[in-house]
Amino acid sequence: MEKDSSFLFAGTHFDRKKFAADIAMFKEKKESDKAIDDSSLFEDREPELEEEEKKVKEKEKEKEKVRVKKRKRKTIRSETVEGFSVFKSSKSEEPVVKEENEQPENDLSLEKKKFYQQLERDALFRKKHNIHVSGNNIPSPLGDFAELSSRFGCKAKLFRNLANLGFKEPTPIQRQAIPVLLSGRECFSCAPTGSGKTLAFVCPILMKLKRASKDGIRAVILCPTRELATQTTRECKRFAEGCKFCIKLMSKQRVKRADLSKFSCDILISTPLRLKLAIRKKHIDLSKVEYLVLDESDKLFELGLLKQIDSVVKACSNPSIVRSLFSATLPDFVEELARTIMHDAVRVIIGRKNTASENVKQKLVFAGSEEGKLLALRQSFAESLNPPVLIFVQSKERAKELHAELVVDNIRVDVIHSDLSQAQRNNAVDNFRAGKTWVLIATDVIARGMDFKGVNCVINYDFPDSTSAYIHRIGRCGRAGRSGEAITLYTEEDVPFLRNIANEMKSSGSEFPSWALGLHKKKWKKHRPRRESISTTPKEKEEPPRKKRKKKAVVGNNQSSMESS
Ligand SMILES: Nc1ncnc2c1ncn2[C@@H]1O[C@H](COP(=O)(O)OP(=O)(O)OP(=O)(O)O)[C@@H](O)[C@H]1O
């Protein structure tokens, strides 16, 4: 195109490839025109001959036109990309395409039919297992663990480990989340407490990593507490037994090491703070991480941890990373945040979102006052104590106070809170697991994720500070299909928040006080009222802090000397 032909076409590029057919037609037309022009060079010709020649040329022209048309059709077909024609196809081209696709179209409709049948089967299966999904092209759920081998080529060793652990059937979250992650899709999942979410994310990682490698850090699992990180590390090792994978916990000692830039392992489990320190100060390299799991994701996305999570997510810079989020509670704000970091993620919800486990029988008990709470607890333990029992209180001070009370009652009781050393915390968990401790008093530090087998009863001595805290606390019992009981004590101060708990009881199928549903709706942020001390031993009267006295003027000031005596 002439440069100065029109300002409207300024910058327009003429695509010779795209218009090859038109150019060809144009060229051929020019050539034949040229031939006609050349004939005029022969001036002394007979008129009949000229007439004959004209006819032949006319015929030639017609033939040429047909040939050019055919060539054009061919070009159009070759420029069809994934079913979309680059050129808007004209009606005349349709029959040709149809003719060529007649056989495949039949195959296509058969394929389509099969596809829709599979979708229908999947939908029925999901309905049966209370699995709710959303997203594009969601892989079919697992019918059984054997499909890990038949569909996804699970190695015999891993498969055997599942059997050795006594896992016969996948739980609903495992049925859906495992194939999603194995298909390389990102996923955020919400499933009840104790429903096997750990295996749902560990199993696909182990299967996808295939074999041990020393090429950097390949998978990272973030947990909100050290206790949970320790437990997840132990579980990973159990699932991977005999597979030589290098599975490491980001311990305090490891973070203290001079340089972590060459540190490598197959799976690294950490709390966000420790990993952030390792990134900032020890130059740990997360650029090769292929799988990132945020366990208890709603906790991790709370304000206090968000910055740490952010630095870990940024450090995991591998463009093909697969991220996944798991929790028993998934508030909308977490889903929104999750969408900002995930690509084409699949959403998997088991049962109703944000509900307590149906295996836990829940009770609300009015205790009147702080004194009443202790009395109620003592009485119930005196009548029947069915260990193991977990008691939650709202602060470490109150944990210490309650421990001091119960320890004199001849009960094997222990306490865990953040003032203890790591070794003491580990001991408390281990002794409770081993049955050496009957009653464990705890703050929310172990409310999430901790898997103590066979906890019979959870007592919320102090009312939980949110619905999600309630769900996670009572979820320490009623795990892996077992039943459990949860008792929540409340006083007048807690009444405004009863409605939330009653709602929770109702939606998870427990008996609930219907009057509580009629209470005024109150949104809670963090309900931690100042409560009276638990301690029954009178505190020694503290001496009031001494005021600095002014030096007395002894002489001639009788009044002041009397006062001071
Ligand atoms: N398929 C299975 N069959 C039987 N038991 C299983 C199966 N999968 C997991 N478990 C067991 O169920 C228990 C709970 O699993 P897990 O701790 O993963 O639950 P969770 O959903 O992560 O709970 P939370 O929300 O409290 O973190 C564990 O003891 C685990 O060994």
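Remember, it's 1-based here, ligands and their atoms both numbered in the order they're listed.
At least one heavy atom of E169 sits less than 4.0 Å from an atom of ligand 1.
Residue S195 has at least one heavy-atom neighbour below 4.0 Å for each of these atoms of ligand 1: 19 (O), 20 (P), 21 (O). Within ligand 1, counting atoms from 1 as listed, the ones closer than 4.0 Å to a heavy atom of K453 are 29 (O). Taking a cut-off of under 4.0 Å to the non-hydrogen atoms of P192, the atoms of ligand 1 that pass are 21 (O). In summary, the atoms of ligand 1 found under 4.0 Å from a heavy atom of R476, numbered by their order in the structure, are 26 (O).
The distance criterion of under 3.5 Å between nitrogen or oxygen atoms is met by G196 with respect to ligand 1. Polar contact check, D451 against ligand 1: a nitrogen or oxygen pair lies under 3.5 Å apart. Inclusion of T198 in the set of residues having an N or O under 3.5 Å from an N or O of ligand 1 is warranted.
Counting only heavy atoms of the protein, atom 12 (O) of ligand 1 lies nearest to A480 CB, 3.2 Å. When only non-hydrogen protein atoms are considered, atom 8 (N) of ligand 1 lies nearest to Q174 NE2, 2.8 Å. When only non-hydrogen protein atoms are considered, atom 21 (O) of ligand 1 lies nearest to K197 NZ, 2.9 Å. Closest to atom 23 (O) of ligand 1 among all protein heavy atoms lies G194 N, 2.8 Å.
The existence of a salt bridge linking R473 and D465 is excluded, since no basic side-chain nitrogen approaches an acidic carboxylate oxygen closer than 4.0 Å. K373 and E370 are joined by a salt bridge, as a carboxylate oxygen and a charged side-chain nitrogen come within less than 4.0 angstrom of each other. A salt bridge links R531 to D494: at least one charged side-chain nitrogen sits closer than 4.0 Å to a carboxylate oxygen. Using a 4.0 Å cut-off between a side-chain N of Lys or Arg and a carboxylate O of Asp or Glu, K197 and E296 do not qualify as a salt bridge. A salt bridge links R175 with E169: the distance from a Lys NZ or Arg NE/NH1/NH2 to an Asp or Glu carboxylate oxygen falls below 4.0 Å. Using a cut-off of 4.0 Å between Lys/Arg side-chain N and Asp/Glu carboxylate O, K400 and D419 are scored as salt-bridged.
Counting heavy atoms under 4.0 Å from ligand 1, residue K168 does not touch it at all. Contacts between E296 and ligand 1 below 4.0 angstrom, taking non-hydrogen atoms only, involve the side chain exclusively. Heavy atoms of F201 found under 4.0 angstrom from ligand 1: none, in either backbone or side chain.
Nearest-heavy-atom check against atom 4 (C) of ligand 1 across F167, F326, F145, F239 picks out F167. Here the shortest heavy-atom distance to atom 24 (P) of ligand 1, taken over R238, H472, R479, belongs to R479.
In summary, the side chains of D298 and S327 do present a donor paired with an acceptor at a separation below 3.5 Å, with no hydrogens or angles considered. Checked by atom type, the side-chain pair S140/D122 shows a donor-acceptor distance below 3.5 Å. For the residue pair T193 and H472, no side-chain donor N or O sits within less than 3.5 Å of a side-chain acceptor on the partner.
For the atom pair CD of E335 and CZ of R339, the computed distance is 5.0 Å after rounding to the nearest 0.5 Å.
Counting non-hydrogen atoms of other residues, nucleotides and ligands closer than 6.0 Å to CD of E241 gives a total of 12 or fewer.
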